[in-house]
Amino acid sequence: MTYERAITARAWREVDLEAVAHNAACLQKRMGPGCRLMAVVKADAYGHGAGPVARYLERRGVAAFAVACLAEGISLRRRGVRGLILILGYTPPEGAEELARWRLTQCVADEAHGRALSAAGVPLEAHLALDTGMHRLGIPAEDHEAIARTWALPNLKVTGTFSHLCVSDGASPEEQAFTRTQLDRFYGAVARMAAAGLDPGAVHIQASYGILNLPPQPCAWARAGIALYGVYSREEDRPTVDPLRPALSLRARVAALRTVPAGEGAGYGLAFRAGEDTQLAVVTVGYADGLPRMLAQAGGEILIRGVRCPMAGRMCMDQLLVDVTGVPQTVPGDVVTLIGRDGGAEIRAEEVAARCGTITNELLSRLGARLPILRPLTEFDHALIMEASDQQTLG
Ligand SMILES: *Cc1c(COP(=O)(O)O)cnc(C)c1O
């Protein structure tokens, strides 16, 4: 694929929105007919660029989006997103005016939060969070009285009720049993609300792993984040036949080549020691771009001319060193791949995350500080680029 404006970039993300739309369709297929995809685009769409991702999906029929905070919700509206935007996290009551002005739906974290929002005196749309066992946000699902009191608060119009599964990625019998317990508590609470004449509104409980690992649920929405971007949190979760397509590639360039004689060190702390004469490439990306600093010394690799090459020594803030002795054709300016495909070779986000002892959710959502997002040049994309003067497509 050809990407726009990579020509002058030092290091960049390539985001294939077509892949995101494909993943959305795959997930939608697993959810059953009554349930619709809510695209989770918090943390700048896990590093994929929330504005372009949401707008592209909205054109493809996705009607709901979830973000973490007020500022992310406002940013989506400013970028022209018109569908439901649910703020999954806490917003202080001082934000009530802005919630209303930007037509954002606020999660009610617990009864106290509901009371504080209500007291702000601004009519708001709200989704009640129920705690079914994760003990993060939510009114205890078994506390029907608290749910009823919160539901009835003035200024809060409850248009949805939701919960979050905390071990739906687990395969052990204990984890599966706990997920069933959470589902039972959730549907029990919802049924009790309905029986008491308290309309729960649109209900939702699955996130990515809930969609991937559970049968279709009797819900209005399912909230997909990581799977929407075509990756799994951990490598071992990937099925042998994987219908999802990774949407993000991370690339940089060779700034310079250095021949380091046997016995010489290189980089901070001289942490790299050349056992024999070594050709090092200086690559134009570092930890200030969001890469974990430990990657270089945890066996991190890059692709250059379709070949895997090991990182050398310590990662710097803006650069890193790579041993390209095995690829003597390397020249300054060459494009290197840190995540993604190059020729027949591929480095997946799951692999990078595993080396750094984390999950892809963290790796991807931390990318970006100064990595422009480039997107494939298609006719449709051209239209989007012309229209979106607000997005980060720096060169
Ligand atoms: C982040 C988040 C999601 C999305 O989770 P994924 O595992 O990335 O799909 C869904 N619901 C809530 C409440 C979240 O905080």
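As a basis for the values below, the full set of heavy atoms in this structure was taken, side chains included, without hydrogen atoms, waters or symmetry mates.
- Using a distance-only test at 3.5 Å, with no hydrogens or angles considered, a donor-acceptor pair links the side chain of Q106 to the main chain of G89.
- R273 places a side-chain N or O within donor-acceptor distance of the main-chain N or O of G263, the cut-off being under 3.5 Å.
- A distance-only check finds no donor-acceptor pair linking the side chain of D131 to the backbone of I139 [under 3.5 Å].
- With salt bridges taken as basic N to acidic carboxylate O contacts below 4.0 Å, one links E301 and R355.
- The salt bridge (Lys or Arg N to Asp or Glu O under 4.0 Å) test applied to E72 returns no partner, not counting sequence neighbours.
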Residues L117, N155; criterion side-chain contact (heavy atoms from CB on, under 4.5 Å); working and verdict: CA-CA 8 Å; L117 287 171; N155 298 319; over 6 Å; no

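- Taking a 4.5 Å side-chain heavy-atom cut-off between Ile, Leu, Val, Met, Phe, Trp and Tyr, the cluster of F178 extends to V167.
- Ring planes of Y232 and Y209: perpendicular class, angle over 60° (limits at 30 and 60°).
- Of all heavy-atom pairs spanning Y287 and M315, the tightest one is N-SD, 3.5 Å.
- With respect to D342 and R305, no salt bridge is recorded, no charged nitrogen being found less than 4.0 Å from a carboxylate O.
- Scanning both residues, T284 and R10, for their nearest heavy atoms gives OG1-O, 2.6 Å.
- The two atoms that bring W151 and D199 nearest to each other are NE1-O, 2.8 Å, heavy atoms only.
- Ion pairing between E97 and R101 fails under the 4.0 Å rule for side-chain N and carboxylate O.
- Hydrophobic clustering places L338 together with L371 (ILVMFWY residues linked when any side-chain heavy atoms are closer than 4.5 Å, directly or through intermediates).
- Inter-residue side-chain proximity for L88 and R223 is flagged as met; some heavy-atom pair is nearer than 4.5 Å.
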Pair D334-V327, side-chain contact (heavy atoms from CB on, under 4.5 Å): steps then yes or no: CA-CA 12 Å; D334 274 359; V327 192; over 6 Å; no

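- Note on W221 and Y187: same hydrophobic cluster, where clusters join Ile, Leu, Val, Met, Phe, Trp and Tyr whose side-chain heavy atoms are under 4.5 Å apart, directly or indirectly.
- Using a 4.5 Å heavy-atom cutoff, the side chains of L363 and C356 are not in contact.
- Partner T337 forms a side chain to side chain donor-acceptor pair (under 3.5 Å) with one of R251, R308, E346 and no other, that one being R251.
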L228/H48 under side-chain contact (heavy atoms from CB on, under 4.5 Å): CA gap, chis, key distance, verdict: CA-CA 11 Å; L228 189 59; H48 292 64; over 6 Å; no

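- Ionic pairing of E18 and R60 is present here: one or more N-O contacts between side-chain nitrogen and carboxylate oxygen are shorter than 4.0 angstrom.
- Here the side chain of T360 pairs no donor or acceptor atom with the backbone of A349 at under 3.5 angstrom.
- Criterion: ILVMFWY side-chain heavy atoms under 4.5 Å apart, direct or through other members. Under it, V40 and L70 are part of a common hydrophobic cluster.
- R79 and S75 are linked by a side-chain donor-acceptor pair at a separation below 3.5 angstrom, with hydrogens and angles left out of the test.
- Between E111 and R115, at least one side-chain nitrogen of the basic residue sits less than 4.0 Å from a carboxylate oxygen of the acidic one, meeting the salt-bridge criterion.
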